[in-house]
Amino acid sequence: MHDICLNMPPMVQTFDPEDLFTRRCIWVNGPVIVGAGPSGLAVAAGLKDQGVPFVILERANCIASLWQNRTYDRLKLHLPKQFCQLPNFPFPEDFPEYPTKFQFITYLESYAKHFNIAPQFNETVQSAKWLVVATGENSEKVVPRFEGLEEFGGHVMHACDYKSGEGYGGQKVLVVGCGNSGMEVSLDLCNHNAKTSMVVRSSVHVLPREIFGKSTFEVAVMLMKRLPLWMVDKILLILVRLILGNVEKYGLKRPSVGPLELKHTAGKTPVLDIGALEKIRSGKIKVVPGIRRFLPGKVELVDGQVLQIDSVVLATGYHSNVPSWLKENDFFSNDGTPRNPFPNGWKGKGGLYAVGFTRRGLSGASLDAINVAHDIAKSWKEETKQKRKTVAARHRRCISHF
Ligand SMILES: Cc1cc2nc3c(=O)[nH]c(=O)nc-3n(C[C@H](O)[C@H](O)[C@H](O)COP(=O)(O)OP(=O)(O)OC[C@H]3O[C@@H](n4cnc5c(N)ncnc54)[C@H](O)[C@@H]3O)c2cc1C
Ligand SMILES: NC(=O)c1ccc[n+]([C@@H]2O[C@H](COP(=O)([O-])OP(=O)(O)OC[C@H]3O[C@@H](n4cnc5c(N)ncnc54)[C@H](OP(=O)(O)O)[C@@H]3O)[C@@H](O)[C@H]2O)c1
């Protein structure tokens, strides 16, 4: 374990956006967790449980800032709640199978209260060594460069700032991207009577959220216990074809690699459909190809079509920010995720840990958190025992002088 001095290189430097010149020095007797999202909270709970002191630093002014500040209102968990709960604290029984984002936030607040976790807010770690990295796979928005976007003149926002389609009625809106965010934002806009076009520049796996009354995720997990990944993919795609029909005729080309293999190899999450497909079938959401450039009030697509549009929502994804602040480490690769793939990506060298970079959402974060908390607690107990022995030996030496 290391004594960490904030704002004193080379350990941890924090940045208070309120006051650039704020200088504070805090000695921490125990691990430092960076990020108070589900991953950071889960590790903190594990450490509390085992009596290890720690500090959590969070750049926002609340826990779970992704969920509280950077997600749209209609968001629900896509997987059944038993796959999303954090260690040692189940969801309340009266929560529905797919809790809303507001219920999930309430759950996380009770989690922090139950384990008495008090993060230090408004602390952005700018540079650090030796700690628990829990800053998330989705800490920064991806904003691609598009020719002519500056001259477009309409309203442009990223999906992380999108709350609801209220106020978009009658507007022509272009949603860029067809991941889970792009699909759901398109659905929401459509439900609010916006004329919605969705850019699908490559291919995408759209799966139903449920297969014959069971969550698709659960079905996949069950099959994977008995069969190889490629075979599970084949079975899933047959079932999906039976349920959804051929989606390629609507412009949703399927990747040549199966959904689980694609997730495993490239980290690309399949879309779990919760209603957008129906709107695409009925023509209410128009699927369009990639963007060539923007023009004033218009967009030109790669097939030469020109569309009049009023607003653009960039549902173009997120990336990790770890390489920008975690110094001198070969634990993370340039894309900000641990070099060792799941399930071995949680432990680096010299007391460095990562939680929540498994590409497996909340269930992956919980597994990491349990491993990290156990590992730290083990070294903590060994170290404290060692220190006690040394102090006792010194004490004996002291006594023998008299
Ligand atoms: C729209 C959307 C919906 C999602 N829905 C689901 C879902 O239904 N199920 C699921 O399993 N997963 C879902 N995910 C994935 C989701 O990101 C994770 O499951 C979950 O939030 C991961 O928790 P985390 O704590 O690892 O990361 P985050 O929730 O991103 O928390 C990281 C925290 O670290 C803080 N931070 C970042 N950088 C710094 C810094 N330098 N210094 C200090 N603090 C910092 C952030 O402010 C943030 O509070 C969704 C993601 C998005 C974007
Ligand atoms: N309720 C839920 O569970 C829920 C809801 C929303 C999000 N999420 C999760 O949050 C994470 C992020 O999801 P996301 O949908 O925001 O991001 P994402 O899955 O990374 O999807 C980004 C999309 O943007 C497209 N894109 C990127 N750059 C583009 C460009 N220049 N032109 C056109 N298209 C471009 C990508 O196309 P290419 O594929 O061609 O690159 C892709 O379709 C995922 O893990 C997702 O599952 C979960």
Side-chain angles (χ1 to χ4, degrees), residues 12-15 32-43 56-72 74-79 81 83-84 86 98-101 104 108 119-128 133-146 158-160 162 175-185 198-204 209 217 255 262-263 266-272 274 288-291 302 314-322 324-326 354-366 368-369:
V12 179
Q13 287 185 343
T14 66
F15 167 64
V32 172
I33 303 167
V34 187
S39 298
L41 295 175
V43 182
I56 305 195
L57 303 177
E58 166 57 54
R59 67 179 173 185
N61 60 0
C62 58
I63 62 159
S65 70
L66 172 81
W67 292 86
Q68 305 224 42
N69 302 335
R70 294 187 288 131
T71 49
Y72 41 88
R74 59 158 289 138
L75 180 65
K76 284 185 182 168
L77 297 179
H78 269 189
L79 306 183
K81 63 179 180 181
F83 296 107
C84 298
L86 301 185
Y98 298 98
T100 65
K101 88 160 181 182
F104 186 53
L108 292 174
Q120 297 194 12
F121 295 119
N122 303 310
E123 302 277 17
T124 301
V125 173
Q126 290 199 308
S127 161
V133 179
T135 46
E137 294 168 321
N138 299 312
S139 45
E140 308 298 330
K141 57 190 174 188
V142 169
V143 180
R145 288 188 175 279
F146 291 108
H158 190 273
C160 69
Y162 178 92
V175 177
V176 186
C178 61
N180 279 298
S181 297
M183 288 278 184
E184 197 160 357
V185 166
M198 183 176 69
V199 173
V200 182
R201 69 168 174 183
S202 60
S203 54
V204 58
R209 189 175 66 173
F217 179 77
L262 195 64
K263 175 79 184 165
K268 201 168 165 181
T269 319
V271 168
L272 290 173
I274 46 167
V288 299
I291 294 167
V302 289
L314 298 171
T316 42
Y318 300 85
H319 66 86
S320 154
N321 65 13
V322 177
S324 71
W325 59 268
L326 187 63
V355 183
F357 295 88
T358 64
R359 291 169 171 166
R360 280 163 178 76
L362 295 159
S363 57
S366 290
D368 276 351

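Just follow the structure's listing: the first ligand is 1, and inside any ligand the first atom is 1. FYI, side chains are in, hydrogens and waters are out, and symmetry mates aren't considered; it's all heavy atoms of this structure. By convention here, the first residue in the shown sequence is residue 1.
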>> Would K268 count as a polar contact of ligand 2, with the cut-off being nitrogen or oxygen pairs under 3.5 Å?
In response: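 Yes - when backbone and side-chain N and O of K268 are compared with those of ligand 2, one distance drops under 3.5 Å.
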For [atom], what is the closest protein heavy atom, and at what distance to 0.1 Å?
atom                    : value
atom 12 (N) of ligand 1 : G361 CA, 4.0 Å
atom 29 (O) of ligand 1 : P38 CD, 3.4 Å
atom 12 (C) of ligand 2 : Y318 CD1, 3.9 Å
atom 5 (C) of ligand 2  : Y72 OH, 3.3 Å
atom 43 (O) of ligand 2 : C178 N, 3.0 Å
atom 47 (O) of ligand 1 : E58 OE2, 2.6 Å
atom 24 (P) of ligand 1 : S39 OG, 3.3 Å
atom 5 (N) of ligand 1  : W67 CH2, 3.3 Å
atom 25 (C) of ligand 2 : G177 CA, 3.7 Å
atom 41 (O) of ligand 2 : R201 NH2, 2.8 Å
atom 52 (C) of ligand 1 : L66 CD2, 4.3 Å
atom 40 (O) of ligand 2 : S202 OG, 2.5 Å
atom 16 (O) of ligand 2 : S181 OG, 2.7 Å
atom 48 (C) of ligand 2 : N180 CB, 4.0 Å
atom 9 (N) of ligand 1  : L362 CD1, 3.9 Å
atom 27 (O) of ligand 1 : G136 CA, 3.4 Å

Using a 4.0 Å cut-off to any heavy atom of [X], which atoms of ligand 1 qualify?
X    : value
H78  : 8 (O)
S65  : 46 (C), 47 (O), 48 (C), 49 (O)
L75  : 3 (C)
G35  : 33 (C), 34 (O), 35 (C)
A134 : 32 (C), 33 (C), 34 (O)

>> Checking Y72 now: which residues fulfil ring pair (Phe, Tyr, Trp, His ring centres under 6.0 Å) with it, not counting sequence neighbours?
In response: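 Per chain and number, Y72 pairs via ring pair (Phe, Tyr, Trp, His ring centres under 6.0 Å) with no residue.
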Side chain, backbone, both or neither: which part of [X] has a heavy atom under 4.0 Å from ligand 1?
X    : answer
Y318 : side chain
V34  : side chain
N321 : side chain
S363 : neither
F357 : neither

Enumerated ligand 2 atoms positioned under 4.0 Å from heavy atoms of [X]:
X    : answer
T269 : 44 (C), 45 (O), 47 (O)
L75  : 1 (N), 2 (C), 5 (C)
P144 : 28 (N), 31 (N)
V176 : 32 (N), 33 (C), 34 (N)

Nearest to [atom] by heavy atom, [options]: which?
atom                    : options               : answer
atom 2 (C) of ligand 1  : T124, T71, N138, T269 : T71
atom 39 (C) of ligand 1 : V185, T135, I56       : T135
atom 24 (O) of ligand 2 : A315, G179, G317, C84 : A315
atom 42 (N) of ligand 1 : V322, L326, V125      : V125

>> So for ligand 1, is Y72 a polar contact partner (N or O within less than 3.5 Å, distance only)?
In response: no
>> Is there a polar contact between ligand 1 and R59, counting only N or O atoms under 3.5 Å apart?
In response: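 Among all N and O atoms of R59, at least one is under 3.5 Å from an N or O of ligand 1.
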>> Within the protein, is there a heavy atom lying under 4.0 Å from atom 2 (C) of ligand 2?
In response: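 Neighbour list for atom 2 (C) of ligand 2 includes protein heavy atoms (cut-off 4.0 Å).
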Assess [X] for proximity to ligand 1: is some non-hydrogen atom of it under 4.0 Å away?
X    : result
A365 : no
E123 : yes
F104 : no

> Does atom NZ of K76 have more than 12 heavy-atom neighbours, drawn from other residues, nucleotides or ligands, at distances under 6.0 Å?
Replying inline: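 Count not over threshold, so no.
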> So is K76 close enough to ligand 2, meaning a heavy atom under 4.0 angstrom away?
Replying inline: yes
>> E184 vs R74, test: salt bridge (charged side-chain N to carboxylate O under 4.0 Å, His left out). Steps then yes/no.
In response: CA-CA 9 Å; E184 197 160 357; R74 59 158 289 138; 3.1 Å; yes
> Can you find a heavy atom in the side chain of Y318 that is under 4.5 Å from one in the side chain of C160?
Replying inline: yes
>> Run the side chain to side chain contact (heavy atoms under 4.5 Å, CB included) test against S324 and tell me which residues pass, sequence neighbours left out.
In response: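 N321.
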> What do the steps show when you test L272 against L79 for side chain to side chain contact (heavy atoms under 4.5 Å, CB included), and what is the final call?
Replying inline: CA-CA 9 Å; L272 290 173; L79 306 183; 3.9 Å; yes
